[in-house]
Amino acid sequence: MRRWLRNLWRDRRGAAAVEAALMFPVLMTLFIGCTEVTFKIWSTQKAEKLAVTLSDVVAQGQTVSKEDMEYMVEAADNIMEPFNFGTDGVIYISSVYVAQGETVPKVNWQCVMPGSFSVLSRIGVVGDEADLPEELTLVERDNVIIAEVFYKYKPIAPGLMFDESVVYRRAFFKPRLGALTNSPGNPCTLNVS
């Protein structure tokens with residue numbers, strides 16, 4: 001019996017399989033965690049790119065119409081690819097203007113592409129004082145176009161590292177060819193198919 005136990009103790013067959021079985025859960029958790037962090041960063045970068053693209057394109061126009069805005073936001077799914085923005089995203093495009101004789105920037109007009117969840121613009125609502133970053137100062141007759149992108153990020157493995165959360169990005173551009181102070185529609189809800 002002793003001899004059999006001694007031989008069993010010295011037998012190394014199957015050691016690699018046991019080590020692999022012990023390491024597999026650790027390696028899978030590490031793999032899923034790295035993938036999750038990568039996708040979270042990627043979705044945030046895509047939302048940033050969408051906000052910059054929308055505000056830049058709007059700011060390049062001489063005028064802005066509701067139809068033009070609808071064409072622009074139709075590209076949102078393509079910019080956010082491989083993320084499904086159509087059902088999980090909300091876009092606000094706003095004009096913040098300081099009227100002649102005033103010093104306070106106010107939300108001049110605003111268009112929204114609603115999504116499957118409800119969220120309010122962090123810039124403000126039409127007619128109210130705009131909530132702008134401290135480093136952004138506007139003087140009399142200044143206008144700025146702001147695109148806000150809200151994206152509901154759904155993790156691959158909920159609860160492992162991240163829970164469902166809303167990614168928020170915004171971009172600011174001054175109009176280049178026109179004042180863009182005239183509203184594209186009131187109210188301006190963008191219907192994108």
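Index from 1, following the sequence.
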Do the side chains of D131 and I123 get nearer than 4.5 Å, heavy atoms only? no

Would you say the side-chain atoms of K46 pair up with the backbone N or O of E81, donor to acceptor, closer than 3.5 Å? yes

When you check the side-chain N and O atoms of T53 and D56, is any donor under 3.5 Å from an acceptor? no

K66, NZ: over 12 other non-hydrogen atoms inside 6.0 angstrom: yes

Within a strict 4.5 Å, meaning less than it, do heavy atoms of the L138 and L132 side chains meet? yes

Main chain of V119, side chain of Y92: is a donor-acceptor contact present, judged purely on distance under 3.5 Å? yes

Do S183 and N108 touch side chain to side chain, with heavy atoms closer than 4.5 Å? no

Return yes if some donor-acceptor pair links the side-chain N/O of E48 with the main-chain N/O of A171 below 3.5 Å, else return no. no

Are L120 and V125 joined in one hydrophobic group, where the rule is that I, L, V, M, F, W and Y side chains link up if heavy atoms are under 4.5 Å apart? no

Would a 4.5 Å heavy-atom cut-off, applied to side chains only, mark L136 and F172 as touching? yes

Using a strict threshold of under 4.0 Å (side-chain N to carboxylate O), is an ion pair present between K174 and D142? yes

Heavy-atom pair with the smallest gap, counting every atom of F85 and V90: CZ-N, 3.8 Å

P158 to D163 - nearest heavy-atom pair and separation: C-OD1, 4.5 Å

Walk me through it: do Y168 and E148 pass the test side-chain hydrogen bond (donor to acceptor under 3.5 Å, both in side chains)? CA-CA 7 Å; Y168 173 73; E148 297 175 277; 2.7 Å; yes

Determine whether more than 12 heavy atoms belonging to other residues, nucleotides or ligands lie under 6.0 Å from atom OH of Y71. no

Just how far is it from atom OG1 of T35 to atom CG of L30, taken to the nearest 0.5 Å? 9.0 Å

Between V167 and A47, what is the shortest heavy-atom contact and its length? CG1-CB, 4.0 Å

Quick one: pull up CD in E67 and CE in M69 and give me the separation to the nearest 0.5 Å. 11.0 Å

One pair to check against side-chain contact (heavy atoms from CB on, under 4.5 Å): L50 and I79. What are the steps and the verdict? CA-CA 6 Å; L50 179 58; I79 294 171; 3.7 Å; yes

If we count only N and O atoms by modelled type, under 3.5 Å, do the side chains of S165 and K40 hold a donor and an acceptor together? yes

Any chain of hydrophobic side-chain contacts (each under 4.5 Å) joining V96 to V58? no

Atom CZ in R170, atom OG in S94: separation rounded to 0.5 Å? 11.0 Å

One should read off an interatomic distance between M23 CE and M28 CE, to the nearest 0.5 angstrom, of 13.0 Å

Taking every heavy atom of P175 against every heavy atom of I145, the minimum-distance pair comes out as CG-CG1, 4.1 Å

When clusters are formed by joining ILVMFWY residues with side-chain heavy atoms under 4.5 Å apart, either directly or through shared neighbours, do I93 and M113 land in the same one? yes

Quick check: closest heavy atoms across A157 and I32, and the distance to 0.1 Å? CB-CG2, 3.8 Å

Give the C-alpha distance, both sets of side-chain angles, the deciding distance and a yes or no for side-chain contact (heavy atoms from CB on, under 4.5 Å) between V104 and V98. CA-CA 6 Å; V104 177; V98 180; over 6 Å; no

Flag the pair F39 / I156 as yes when at least one side-chain heavy-atom distance between them is below 4.5 Å, and no otherwise. yes

Indicate yes or no: at least one non-hydrogen side-chain atom of C111 is less than 4.5 angstrom from one of T189. no

Single-linkage hydrophobic cluster, 4.5 Å side-chain cutoff, F150 and V112 together: yes

Take R169 and Y151 through the test side-chain contact (heavy atoms from CB on, under 4.5 Å) and record every step on the way to the result. CA-CA 9 Å; R169 288 292 178 260; Y151 172 68; over 6 Å; no

Any donor-acceptor N/O pair, E140 side chain to T103 backbone, under 3.5 Å: no

Determine, step by step, whether S121 and Q110 satisfy the side-chain hydrogen bond (donor to acceptor under 3.5 Å, both in side chains) criterion, reporting the C-alpha distance in whole Å, the side-chain angles of both residues, the deciding distance to 0.1 Å, and the verdict. CA-CA 9 Å; S121 168; Q110 191 169 68; 3.2 Å; yes

Please determine whether salt bridge (charged side-chain N to carboxylate O under 4.0 Å, His left out) holds for the pair D128 and K106, giving the CA-CA distance in whole Å, both sets of side-chain angles, and the decisive distance to 0.1 Å. CA-CA 5 Å; D128 285 354; K106 294 185 179 177; over 6 Å; no

Let me confirm one number: the NZ-OG distance from K154 to S43, rounded to the nearest 0.5 Å. 12.5 Å

Would you compute the distance between atom CH2 of W109 and atom OG of S95 and round it to the nearest 0.5 angstrom? 5.5 Å

Step through the shown structure and confirm whether more than 12 heavy atoms of other residues, nucleotides or ligands are within 6.0 Å of CZ on R176. yes

Counting distance only, does the side-chain N/O of S65 pair as donor-acceptor with the main-chain N or O of P184 below 3.5 Å? no

Under a single-linkage definition using a 4.5 Å side-chain heavy-atom cutoff for Ile, Leu, Val, Met, Phe, Trp and Tyr, are M80 and Y153 assigned to the same hydrophobic cluster? yes

Main-chain N/O of A179 paired to N143 side chain as donor or acceptor, under 3.5 Å: yes

Just wondering, are more than 12 heavy atoms of other shown residues or ligands nearer than 6.0 Å to NZ in K49? no

Min side-chain heavy-atom separation F83-K152 under 4.5 Å: no

